[in-house]
Number of protein chains: 2
Amino acid sequence: MTFLSDQALKDKLNNRGYRSTAQRQKVLGLFMSLPQGEHLSAEELHATLIKNDLGETASVENHISLSTVYRTLHLMVSIGLLRELELAEGHKHYELNRPLRDHHHLVCLNCNQTLEFSESSIADIGEKTAQNAGYQVLDCQLTLYGICTSCTAKNSI
Amino acid sequence: MTFLSDQALKDKLNNRGYRSTAQRQKVLGLFMSLPQGEHLSAEELHATLIKNDLGETASVENHISLSTVYRTLHLMVSIGLLRELELAEGHKHYELNRPLRDHHHLVCLNCNQTLEFSESSIADIGEKTAQNAGYQVLDCQLTLYGICTSCTAKNSI
DNA sequence: ATGGGTGCAAACTGTTTGCAATCTG
DNA sequence: CAGATTGCAAACAGTTTGCACCCAT
């Protein structure tokens with residue numbers, strides 16, 4: 001899933017007893033318009049949505065609330081539309097859960113710099129493992145934690 | 001590292017300009033006494049430490065504060081003694097960072113059940129990737145998110 | 001028309017921080 | 001001794017929740 005029409009989203013939601021709403025469409029739409037590899041926190045998402053709305057309609061009324069943002073993120077993660085990333089401290093980040101999940105992260109524990117890398121073999125391992133356990137996989141993440149070159153050099157820590 | 005004496009811990013800390021304290025020894029000691037695969041949140045760790053102290057000395061004074069627990073956990077993660085797990089919502093969990101990092105997690109997004117599994121090939125992939133990026137790896141985690149058998153059956157969500 | 005979804009504001013939870021006192025090297 | 005570390009309590013940030021209203025089905 002790299003592109004999903006509003007109608008397709010609606011079907012996906014309705015099939016599970018959920019409803020399609022303007023807010024949910026906007027959230028997914030924004031994620032779909034994001035460049036590959038870009039991820040947002042709940043608050044960044046919220047801020048962006050509001051900014052967009054202001055641009056389009058000059059109305060101050062088109063707000064989506066932060067609570068709804070959180071509720072929507074959870075919903076979409078549980079349906080497999082989004083993936084939740086736990087990178088550096090605190091802020092969780094979200095991104096589209098693309099079909100080929102060969103997109104993982106390398107995080108510096110000292111400065112929080114985050115690098116992305118791909119490794120197609122991981123998805124297979126994940127799929128196989130989950131199958132053995134009877135799980136239906138929605139996401140598969142390999143995260144490496146360490147100290148980056150410049151932090152090692154700076155001998156900080 | 002499956003066992004580390006107080007002296008070894010002290011050296012490890014001193015080498016980096018940190019100091020060895022009773023609190024740090026207790027924290028690491030507790031993790032070393034934990035059965036393989038067991039992990040604790042900061043608050044569980046804190047509660048356990050206090051309970052242990054009470055048992056041993058009947059003194060109510062042997063408390064380690066929650067702040068210190070947090071500070072110690074961060075320190076030990078950054079040194080590579082512990083690994084931080086982000087499993088279900090909120091609570092982060094910690095466990096000893098054993099040399100063979102072939103110990104990963106499978107989490108149900110619905111009921112939060114967590115399964116562990118090993119897959120030795122992952123560590124190699126991680127090591128190789130980190131090396132390319134010039135990182136010094138401290139931890140390597142593959143986490144699979146999905147829906148477990150019983151949740152799928154219950155058709156909840 | 002039903003019951004799922006939303007917004008708001010208030011409540012929470014886990015985590016962090018300033019500071020004075022205390023210990024380690 | 002100097003400087004790292006601690007405990008305490010207060011502050012925070014991000015996230016969740018109750019409730020009344022609204023809207024998709």
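Note on naming: letters A, B, ... go to the chains in the order of the sequence lines (proteins, then strands), and numbering restarts at 1 for each one. What you see below is based on every heavy atom in this structure, not just the backbone, and it leaves out hydrogens, waters and symmetry mates.
Put simply, the side chain of A:Leu40 does not reach to within 4.5 Å of the side chain of A:Tyr94, judged on heavy atoms.
Between B:Lys92 atom NZ and D:dT15 atom C1' there is a gap of 13 Å when expressed in whole angstrom units. Between A:Gln25 atom CD and C:dT6 atom C1' there is a gap of 15 Å when expressed in whole angstrom units. One can place CZ of B:Arg16 at 18 Å from C1' of D:dT5, the figure rounded to the nearest angstrom. Straight-line distance from the CE atom of B:Met76 to the C1' atom of D:dT5: 13 Å, rounded to whole Å. Distance, A:His46 NE2 to D:dA13 P: 17 Å, rounded to whole Å. Distance, B:Leu40 CG to C:dG14 C1': 16 Å, rounded to whole Å. Between B:Arg71 atom CZ and C:dT22 atom P the separation is 16 Å, expressed in whole Å. Between the CD atom of B:Glu44 and the P atom of C:dT13 there is a distance of 15 Å, given to the nearest Å.
Residue B:Ser65 has no polar side-chain atom (N or O) positioned under 4.0 Å from OP1 or OP2 of D:dT6. OP1 or OP2 of D:dT16 sits under 4.0 Å from a side-chain N or O of A:His74. Applying the 4.0 Å criterion to OP1 and OP2 of C:dC8, one finds that A:His63 has every side-chain N and O outside that range. Side-chain nitrogen and oxygen atoms of A:Tyr70 include at least one within less than 4.0 Å of the OP1 or OP2 phosphate oxygen of D:dT15. The phosphate of C:dG7 (OP1 or OP2) has a side-chain N or O of A:Gln23 nearer than 4.0 angstrom.
For A:His93, the ring pair (Phe, Tyr, Trp, His ring centres under 6.0 Å) criterion is met by A:His39, not counting sequence neighbours.
Residues A:Leu66 and B:Glu43 each lie close to DNA chain C; by heavy-atom proximity, the contact nearer the 5' end of the strand is made by A:Leu66. Closest-nucleotide positions on DNA chain D for B:Ser67 and A:Ser41 were compared, and the one nearer the 5' end corresponds to B:Ser67.
Counting any heavy atom pair closer than 4.0 Å across all strands shown, B:Arg24 reaches sugar-phosphate atoms only and no base atom.
Between B:His74 atom NE2 and B:Met76 atom CE the span is 13.0 Å, to the nearest 0.5 Å. One distance of note links CZ of A:Arg71 with CG of A:Leu66; it measures 10.0 Å at 0.5 Å rounding. Atom-to-atom distance recorded for B:Arg24:CZ and B:Leu9:CG is 8.5 Å, nearest 0.5 angstrom.
Under the 3.5 Å distance criterion, the side-chain polar atoms of A:Asp139 are left unmatched by any main-chain donor or acceptor of A:Asn97. Remark: the backbone N or O of A:Cys140 is paired with a side-chain donor or acceptor of A:Arg83 at under 3.5 angstrom. A:Gln141 contributes a side-chain N or O that, together with a main-chain N or O of A:Glu84, makes up a donor-acceptor pair within less than 3.5 Å. Checked by atom type and distance alone, the side chain of A:Glu38 never pairs as donor or acceptor with a backbone atom of A:Pro35 at under 3.5 Å.
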N/O to N/O distances under 3.5 Å, protein versus nucleotides 20-25 of chain D:
from	atom 1	to	atom 2	distance (Å)
D:dA24	N3	A:Arg19	NH1	3.1
D:dT25	OP1	A:Asn14	OD1	3.2
D:dT25	OP1	A:Asn14	ND2	3.4
D:dT25	OP2	A:Lys10	NZ	3.4

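Donor-acceptor pairing under 3.5 Å is recorded for the side chains of A:His103 and A:Glu116.
Comparing the start and finish of the helix from C:dA1-D:dT25 to C:dG25-D:dC1, five pairs each, the helix axis swings through 50°, to the nearest 10 degrees.
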